[in-house]
Each structure stands twice: as structure tokens, then as C-alpha cells.
Amino acid sequence: MQNPDIARLFDEVADLLEIHRNAARTIRDFPEPIADLVRAGTKDLTDIPGIGDDLAEKITDIVTTGELPLRKQLASKLPAGLLDLLRIPGLGPKRVKLLYKKLKVKSAADLAKALEAGRIQKLKGFGPKMEEKIRAGLGQVHVGERRLLLNEAETQATAVLAYLRAGGGIRQIEVAGSYRRRRETIGDLDIVVTPEEQDSANAMDRFVKYGDVAEVISKGETRATVKLRGGLQVDLRAVEPDAYGAALLYFTGSKAHNIELRKIAQEKSYKLNEYGLFKGTRRAAGKTEEEIYGKLGLDWIAPELREARGEITLAREHRLPKLVELDDIRGDLQMHTSATDGKGTIEDMAHAARALGYQYIAITDHSKRVTMALGLDAKRLRAQWKAIDAWNATSRGFTILKSIELDILESGKLDLPDDVLAEADYVVATIHYGIDQSEQELTRRLVGAAEHPWVDTIGHPTGRLVGKREPYHFDFEALCRACAATGCLLELNGHPERMDLPDTLAAAGKQHGVRFVLSTDSHQPGNLPFMKYAVYLARRAGLEAGDILNTRPLAEFRKGLKRAKP
Ligand code: DGT
Ligand code: CA
Ligand code: CA
Ligand code: ZN
């Protein structure tokens, strides 16, 4: 046996494991709880595209035993802390392995010690810049405390709520906390319930028997806390109907918002807590949030705005924005097809978008620089546009916009020539490469693209990946000024892994007079409902329908694009 033969076996193991990465995606994107299908036994899992016999068997194992033997076997060969290290931005499998082999770094704590002692930068292939990055990464990632993405939390919350409701005896129930504020990550779920007839003990009993509970942390008459199998903590608190609004308000937070409210209450010689708004011992309000805000002289504030960023002043002056809603959205402006790294045809995407009630979509496959995704060159792009023309010619009341997710190259040049871009209906320009360039270079690339006559929108403008990669360093104000001056739009990418622009930057963009589009960055038809996350993001930024161009009917949308301007 020759070296290449031995090597090939390792390559194959790596490839076979990579298949599990695809399986993870398929399962994550699957619209129904797969565990229910396994338990019901009515559906053959291998009917699901991307799931074969082997994966079906593994999924069944996981659902029935809670563990995957293959994972256990692989994990048993390495210290448990290594998986935590992989979550630190800047550290991939290669670097983690080096740290382990050379410095015996087995955990985040070991890594911090090695940084302290200056041993990291002496390691071959690391250097001071890398050390800096790892230090920053260690600071952001609270190792051991994994925050869920909003869509993951939503899956868990929906299932728990359905379970509790099915038990009956519930008058009102809602998930409060960061989940209700629609933050992009969720630490734990805080559920507030009003049982019928003061029957809170029953609700607690049922709660701790929920099938996915791994551990009951505490259980009393009116509150209980459990940890689910995946590690998510869920708190349930039962309150009487007269305190429901007060409890919901308190547990929705944010803490900073609550503190401001309590101060206002004190100024009006009230006391505000989770049981109500009190004057002495008399409860002046508590049943609903509206009446509590009202007694404090405030309009009701949407949970997405409760971050103590000026919303209370606006509520007092009756100047709160009329936040955009999902129903306002008439089209989706970023999605991929099987021509590049997506999993549906143009027709599949259009069909699914139409079912959501949209009037238009843009098909934005990658341009050629993104070789990993088989990005389109001018020839393939024009062929795709021809197919789109043909499709549009036969469809009524729905339009596919000819578009492209155009790479802004490392040099600042665009990935396709102007004559091609001029033929598009809509162009969204994005950065995927050279993200470690200097602040000046990145700013120049983004501003240059925003000023280009055929670029309508800057897509996922900061490049952040939630919990994995911080926004890259560039002058966001400069980009906003360029967008405001040229009419270039900024995208709010609602893909739960991106959520880009972040809410605070979107709010800052609005102050600069920038307008936005909302998109999902869908990679298959089943991703199109991600639009709600883009809407949540926009709402957290205080955006109204008028700030967002794809709330407009198609003709107005087209007129609002930079390319339509004289
Ligand atoms: P998370 O779970 O980390 O994503 O964020 P939250 O906002 O859900 O925070 P959590 O679960 O610790 O608490 C839920 C809400 O309860 C929080 O948003 C406000 C309220 N709360 C918790 N602790 C305090 C506190 O010490 N003071 C006040 N005023 N409110 C609190
Ligand atoms: Ca929480
Ligand atoms: Ca909590
Ligand atoms: Zn992209």
C-alpha cells in the first residue's frame, strides 16, 4: 500500500464526515419536528431529500437514545474542551489542533493562560495579529454558555408552548424575555402563564414532564425552571390574571428598560414590580401592559424597542414609530438557486414566494469570484436572465427580477463588467473575500460599490455571522453618507445566521437618511419564511414601512432604485 492509498482513506473519512454537515443543514431547515415523524413511524425519513438510509438510521438513533454513537466515538478521543475552542472566532480545526499538540491547550481556560504567558504568538503560523484576534474572540464567546439563534429558540418555544396549551387549563400564556424582544440570540426562555382557576400547580407538574426536559432545576407552586436536552434553560412563572400584564412587562425586559420604567413610577409615587403598579398597597394597574404604560403617561411600547435606547421619551411624546410589519413586505431581494449554492430552481423559488403573497423576488446567485459556490460569469448569468425573461413572459401578477449577488473584489473592482450590470433589474453588491483588510481598504471598497452607478444595494453590509464572526472593521458612517448621497440601499439580511445589519447600525443608518431593503438570503424555498427575522431586525431598529423599499409595489420599487435615477 502506497502513501496516496493511505491518504485517500483519511480523505474519505473527512468527506464522509462532511456529509454530516449537509445533513445538519437539511435537518435544521426542515419545517416539521423530525422526532415526531420518527415516533409516529408514518413517514419514511428517506423520502426527505438529502436523507438516505444511513442518515435515517442515525436520526432514529438520536431520537430514541438522545445520542449519536458516531459522535460519542469521535469525541471520546479528544478532550471535551476542544469543541468549545472551535467556537472562538479565528480558530478552526487546524489551529485548535496545533494549540493542543504544541501547547497542550485543552480548554478556553488553558487558552487564556497561554495568551497571558505570551506563548500563542510564538507559535508557528500565529503571530501577534492572530493573538489579538483570539484574545478578542475569547472575550466575545462565553464558552460553555451557548446562546441560541432566534430561529432555533423559536422552534423550542413553539414546541413547549404547544405542549403546555395541549394540557388545558390555561388562560393566557406568552414567551417573554429576549425572545419577545426578538433579539438575534436568546440566552434562556422566560414563559409567563395565567392558569384557569388558580391552578398553577398543575401547570408546573405538566411543565416538568415535558418530553425534552433533561433536568429539573427547581420546581415550586408558581415557578419552575428546567434544562432541555440541547442545554436551553426554560423558566415558567404562573401569575394571577390581575398581574399578567405586570409579569409580562417585567419578564420581557430589557432590564435597562425596566429600570427606566421603575424610575418614572417612583417619580409619580407608584411602585412597579412583577405583580403590578401600586399606590401604597392598592394595585393601580397590572392586568395588561397597556394600562401600566398608560398610568405612567406612556404609549404602549413594542417589545422590540424595549432596550432603553430612547423609546421611553418617544412614548411620552407620542412619537413612537409605526413599526414595519411582515404583511408590509411585497418581495424578497436576496436568494440563491441550484445554479450556484442554493437548492431549488428559479421556478421553485418563484412558486414558494408567490405562495407567501409576494409580488416580486430577485434571484441573486453568486458572481464568479465565489468559485466554491460555482459563481456565475457573464455568459451563465445572461443565460439565467434569458430563462427569467421567458418565465416572466408567461406569468401574471408576479415578477422575477434579473439580479446578481455581485462580489466586491479585494481590489475594490466589481466582479462583472458594467455592460452586464446595466442589463440587470437589480444588483446587490457584497464582500466575501479580503475581509481582513485594513479599515481604510474595506471602507474604500464598500463606499466605491455604493457609488457605482449599477449597484442598487450593499448586501449583508458588515459581514457578521451571529455568534461566530464580528462585523468587519470599516467606517460605517462613511458608507451611510455615500448611500444617502447616491440612493444606494442597505440590506437587512434576515438569515438567522447573519442578521446583518445589526439593529443599532440599521437605526444609525436611518438617522443618516439611508433607505433599506429586507431579504432572506434563502438557499432553498423553505428558507423564504426567514423574512420575519428581517422584519424583527427592522423593528428593533425602529424602521417604518416608508424606510424600506420592498414594502412598495413593483413599479414604485423599480422607480426607487438608484439605477432608475437620472
Ligand atoms: P437572555 O435570556 O440572556 O437572552 O436575556 P433576557 O432579557 O431574556 O434576560 P433574562 O432571561 O435574564 O431575564 C428576563 C427578563 O427579566 C429581563 O429581560 C428583565 C427581567 N429581569 C431579570 N433580572 C432582572 C433584574 O435584576 N431587574 C429587573 N428590573 N429586571 C430583571
Ligand atoms: Ca431570557
Ligand atoms: Ca431567564
Ligand atoms: Zn453573500
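Just so you know, these numbers use all the heavy atoms, side chains as well, and skip hydrogens, waters and symmetry mates. Just so it is clear, the model here is predicted, and its values are computed rather than measured. Whatever order the structure lists ligands and atoms in, that order sets their numbers, starting from 1. One is the number of the first residue; the rest follow in order along the sequence.
- Under 4.0 Å is where a charged nitrogen must lie from a carboxylate oxygen, and between Asp547 and Arg515 no such pair does.
- Proximity of Tyr250 to ligand 1, defined as any heavy-atom pair under 4.0 Å, is shared by backbone and side chain alike.
- Glu497 has a carboxylate O that lies under 4.0 Å from a charged side-chain N of Arg25, or vice versa, which qualifies the two as a salt bridge.
- Any N or O atom pair closer than 3.5 Å counts here, and Arg262 shares at least one such pair with ligand 1.
- At a heavy-atom cutoff of 4.0 Å, ligand 1 is contacted by the backbone of Thr252 but not by its side chain.
- Nearest N/O/S atom of Asp188 with respect to the Ca ion (ligand 2) is recorded as OD1.
- Taking the N/O/S atoms of Asp235 in turn, the shortest distance to the Ca ion (ligand 3) belongs to OD2.
- In this structure, Lys129 does not pair ionically with Glu132, as no charged nitrogen and carboxylate oxygen lie closer than 4.0 Å.
- On a distance-only criterion, Ser254 and ligand 1 share no N/O pair closer than 3.5 Å.
- Counting all heavy atoms, side chain and backbone alike, Ala114 lies closest to Val105 at CB-CG2, 4.1 Å.
- Ligand 1 lies nowhere less than 4.0 angstrom from a heavy atom belonging to His257.
- Between atom 27 (N) of ligand 1 and the options Arg237, Arg306, Lys255, the minimum heavy-atom separation is to Lys255.
- For ligand 1, the atoms closer than 4.0 angstrom to any heavy atom of Phe251 are 14 (C), 15 (C), 16 (O).
- Looking at Asp190, its N, O or S atom nearest to the Ca ion (ligand 2) turns out to be OD2.
- In this structure, Arg182 forms a cation-pi arrangement with Tyr179, its terminal cationic atom sitting closer than 6.0 Å to the ring centre and no more than 45° off the ring axis.
- Annotation: Ile259 places no N or O atom under 3.5 Å from an N or O atom of ligand 1; distance criterion only.
- Selection from Arg181, Glu260, Arg147, Arg180 by nearest heavy atom to atom 7 (O) of ligand 1 gives Arg181.
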Please lay out, stage by stage, how Ile292 and Leu272 fare under the test side chain to side chain contact (heavy atoms under 4.5 Å, CB included).
CA-CA 9 Å; Ile292 297 171; Leu272 177 63; 3.9 Å; yes
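- Counting heavy atoms closer than 4.0 Å to ligand 1, residue Ile186 contributes backbone atoms (N, CA, C, O) but none from C-beta onward.
- Ligand 1 has no N or O atom lying under 3.5 Å from any N or O atom of Arg183, backbone or side chain.
- Under the 3.5 Å distance criterion, with hydrogens and angles disregarded, no donor-acceptor pair is assigned to the side chains of Thr457 and Glu491.
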